[in-house]
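Presented below is the structure to which this report refers.
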There are 2 protein chains.
Amino acid sequence: MEKSKEKGLKLTPQRMVLFHILSEDDRHMTADEIYQKARAEHPMLSPATVYRNMEQLVEAGLLSHLDLGGPSTRYDTNLDDHHHFVCEKCGKVMDVYLKDIRYELDPEKSDLSDVRIDSSQLYLHGVCGECG
Amino acid sequence: MEKSKEKGLKLTPQRMVLFHILSEDDRHMTADEIYQKARAEHPMLSPATVYRNMEQLVEAGLLSHLDLGGPSTRYDTNLDDHHHFVCEKCGKVMDVYLKDIRYELDPEKSDLSDVRIDSSQLYLHGVCGECG
DNA sequence: TAGCATATAAGAATAATTATCACTTGATAA
DNA sequence: TTATCAAGTGATAATTATTCTTATATGCTA
Ligand SMILES: [Mn+2]
Ligand SMILES: [Mn+2]
Ligand SMILES: [Zn+2]
Ligand SMILES: [Zn+2]
């Protein structure tokens, strides 16, 4: 929370509410989910403020985007190096930690010799225990 | 193209145009890109028809969604088992074929014992040759 | 505590997609 | 052929997610 000040972001009441919501660790929330929770604490809060702040926090490196399928962007408060499992039935997202991931390109079918790979993300799709 | 009939989809002129566009293999197009190309051949075509048909083709298993980040859904005509590289600069999407992929869960940090994994998708992010 | 850069609420604007619905058409059978 | 009818279509309205605009307000620093 103090980190946001270091990044030049003012500590406004709205932001405090957002930090509070995010710290309650219901990870992978959409902007709207965050908004719905936050307005309970701060009814005047506007959706635009949520969107604006989420993006600023991403830029400041305090959050990350999550590009799962589905319509709305999700934000991940978990900055560890990790991957995701998505339940196709209920949409639940679970963090997946890997000890190791390795893959071998098929050089006859994909030529990645001139690209620079910065990161890789593994998405596992399936059915979670509750939906199974 | 004939496969769509097998799936109970009528062979309408609009669909023929869409099949033509899709067969020209400019893969990973958005619905709007498809629409823009298609209306050159069939000016009366409406966007709703494109969206409707793309979804039907996905359901029929003749196309697949692509859940990259970004606003609009992309469709993939490549039904092979493959993965993707996305250029962060220009947004270009390249198919990635792997000979092999294997990963080891960290059992202390992720418990996937009660989930069923149906598929996995690897997304590589980086900078392509042209943007590099 | 004054001044200013930053942040805010509200609402308009935009983009992507989906829903509705009256009308049309392809496929099949008479 | 023609009749039948489920499936498909275009136009348009509606939704959803998000961004922009702007007048006002507020943290922070000097
Ligand atoms: Mn996560
Ligand atoms: Mn592909
Ligand atoms: Zn589930
Ligand atoms: Zn590029």
Side-chain angles (χ1 to χ4, degrees), chain A residues 1-22 28-60 62-75 91, chain B residues 1-22 28-60 62-75 91:
Chain A
M1 172 146 100
E2 281 305 302
K3 279 184 192 165
S4 78
K5 252 171 110 174
E6 292 164 25
K7 299 285 180 180
L9 300 177
K10 290 179 184 173
L11 206 44
T12 65
Q14 292 82 345
R15 264 176 201 155
M16 309 254 257
V17 173
L18 295 177
F19 285 130
H20 181 222
I21 303 294
L22 293 170
H28 311 124
M29 283 190 288
T30 64
D32 188 63
E33 285 165 351
I34 295 164
Y35 170 61
Q36 296 305 336
K37 285 204 172 189
R39 61 191 303 201
E41 290 181 45
H42 189 124
M44 289 292 282
L45 188 97
S46 95
T49 298
V50 176
Y51 283 104
R52 199 184 324 116
N53 276 285
M54 289 306 117
E55 272 322 299
Q56 284 167 330
L57 293 176
V58 169
E59 270 167 47
L62 303 174
L63 280 185
S64 68
H65 276 296
L66 210 50
D67 287 330
L68 312 172
S72 38
T73 307
R74 289 169 182 276
Y75 294 94
Chain B
M1 173 144 100
E2 281 305 303
K3 281 183 191 165
S4 78
K5 253 171 111 175
E6 293 165 23
K7 299 285 180 177
L9 300 177
K10 290 180 181 171
L11 207 43
T12 66
Q14 292 82 343
R15 264 175 199 155
M16 308 254 258
V17 172
L18 294 177
F19 286 130
H20 181 222
I21 302 294
L22 293 170
H28 312 123
M29 282 191 286
T30 64
D32 187 63
E33 285 166 352
I34 295 163
Y35 170 62
Q36 296 304 335
K37 285 203 172 187
R39 61 190 304 203
E41 290 181 45
H42 189 125
M44 288 293 282
L45 188 94
S46 94
T49 297
V50 176
Y51 282 104
R52 204 184 315 125
N53 276 285
M54 290 305 119
E55 271 324 297
Q56 285 167 330
L57 293 175
V58 169
E59 270 166 48
L62 303 174
L63 278 185
S64 67
H65 275 294
L66 210 49
D67 288 331
L68 311 172
S72 36
T73 308
R74 288 169 182 279
Y75 294 94

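Naming: A, B, ... by sequence-line order, numbering from 1 per chain.
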- [ ] Would you kindly say whether Gln14(A) and Arg52(A) are connected by a side-chain donor-acceptor distance under 3.5 Å?
- [x] no
Task: Heavy-atom check, side chain of Val50(B) versus side chain of Met54(B), under 4.5 Å - done: yes
- [ ] Start with the C-alpha gap between Arg15(B) and Gln56(B), add the side-chain angles, then the distance that decides, and say whether side chain to side chain contact (heavy atoms under 4.5 Å, CB included) holds.
- [x] CA-CA 11 Å; Arg15(B) 264 175 199 155; Gln56(B) 285 167 330; 2.8 Å; yes
- [ ] Between dT18(D), dG27(D), dA6(D), spot the one nearest the side chain of Lys10(A), thanks.
- [x] dG27(D)
TODO: Could you check which of dA7(C), dC28(D), dT25(C) has an atom nearest any side-chain atom of Leu9(A)?
DONE: dA7(C)
TODO: Could you note down all residue pairs passing salt bridge (charged side-chain N to carboxylate O under 4.0 Å, His left out) where residues 31-46 of chain A supplies at least one of them, sequence neighbours left out?
DONE: Asp26(A)-Lys37(A)
Task: Whole-Å gap separating C1' (dT24(D)) and CD (Gln14(A)) - done: 13 Å
- [ ] Indicate yes or no: at least one non-hydrogen side-chain atom of Tyr35(B) is less than 4.5 angstrom from one of Leu18(B).
- [x] no
Task: Spacing of Leu45(B) atom CG relative to dT9(D) atom P, expressed in whole Å - done: 8 Å
TODO: Evaluate the side chain to side chain contact (heavy atoms under 4.5 Å, CB included) criterion for residues Leu22(A) and Leu57(A): first the C-alpha distance (whole Å), next the side-chain angles of each, then the deciding distance (0.1 Å), finally the verdict.
DONE: CA-CA 11 Å; Leu22(A) 293 170; Leu57(A) 293 176; 4.1 Å; yes
TODO: For the helix from dT1(C)-dA30(D) to dA30(C)-dT1(D), figure out the bend between the end axes, five pairs an end, and round to 10 degrees.
DONE: 30°
TODO: Give the rounded distance in Å between these two atoms: CZ of Phe19(A) and C1' of dA7(C).
DONE: 13 Å
Task: Worked verdict on Leu11(B) versus Phe19(B) for side chain to side chain contact (heavy atoms under 4.5 Å, CB included) - done: CA-CA 10 Å; Leu11(B) 207 43; Phe19(B) 286 130; 4.1 Å; yes
Open item on the list: Here's a test of your reading of the structure: between Pro71(B) and Pro13(B), which maps to the more 5' nucleotide of DNA chain C?
Closed with: Pro71(B)
Open item on the list: Tell me the closest heavy-atom pair linking Leu9(B) and Ala60(B), and the distance in Å.
Closed with: CD1-CB, 4.5 Å
Open item on the list: Would you say Thr73(A) places a side-chain N or O within less than 4.0 Å of OP1 or OP2 belonging to dT18(D)?
Closed with: yes
- [ ] Round to the nearest Å and state the distance from His65(B) atom NE2 to dT17(C) atom P.
- [x] 10 Å
TODO: Check each residue of residues 48-56 of chain B for a non-hydrogen atom within less than 4.0 Å of any atom in DNA chain D, then write out the ones that pass by number, or none.
DONE: Thr49(B), Arg52(B), Asn53(B), Gln56(B)
TODO: Give me the residues of residues 28-39 of chain A where at least one heavy atom lies under 4.0 Å from an atom of DNA chain C, by number, or none.
DONE: none
Open item on the list: Are the side chains of His42(B) and Leu45(B) in contact, using a 4.5 Å heavy-atom criterion?
Closed with: yes
Open item on the list: Could you work out, with side-chain hydrogen bond (donor to acceptor under 3.5 Å, both in side chains) as the rule, every residue matching Tyr75(A), not counting sequence neighbours?
Closed with: Glu55(A)
Open item on the list: Please determine whether a side-chain nitrogen or oxygen atom of Thr12(B) lies at a distance below 4.0 Å from atom OP1 or OP2 of dT9(D).
Closed with: yes
Task: side chain to side chain contact (heavy atoms under 4.5 Å, CB included) involving Ser72(A) - partner list, sequence neighbours excluded - done: Thr30(A)
Task: Interatomic distance where CG belongs to Leu11(A) and C1' belongs to dT8(C) [whole Å] - done: 15 Å
- [ ] Write down the distance between CZ (Arg74(A)) and C1' (dT16(D)), rounded to a whole number of angstrom.
- [x] 14 Å
Task: Nucleotide nearest Met44(A) when distance is taken to its side chain, options dA17(D), dA16(C), dA9(C) - done: dA9(C)
Open item on the list: Expressed as a whole number of angstroms, how long is the span from Met16(B):CE to dG8(D):P?
Closed with: 15 Å
TODO: For the pair Arg74(B) (side chain) and Met29(B) (backbone), establish whether a donor and an acceptor sit closer than 3.5 Å, ignoring hydrogens and angles.
DONE: no
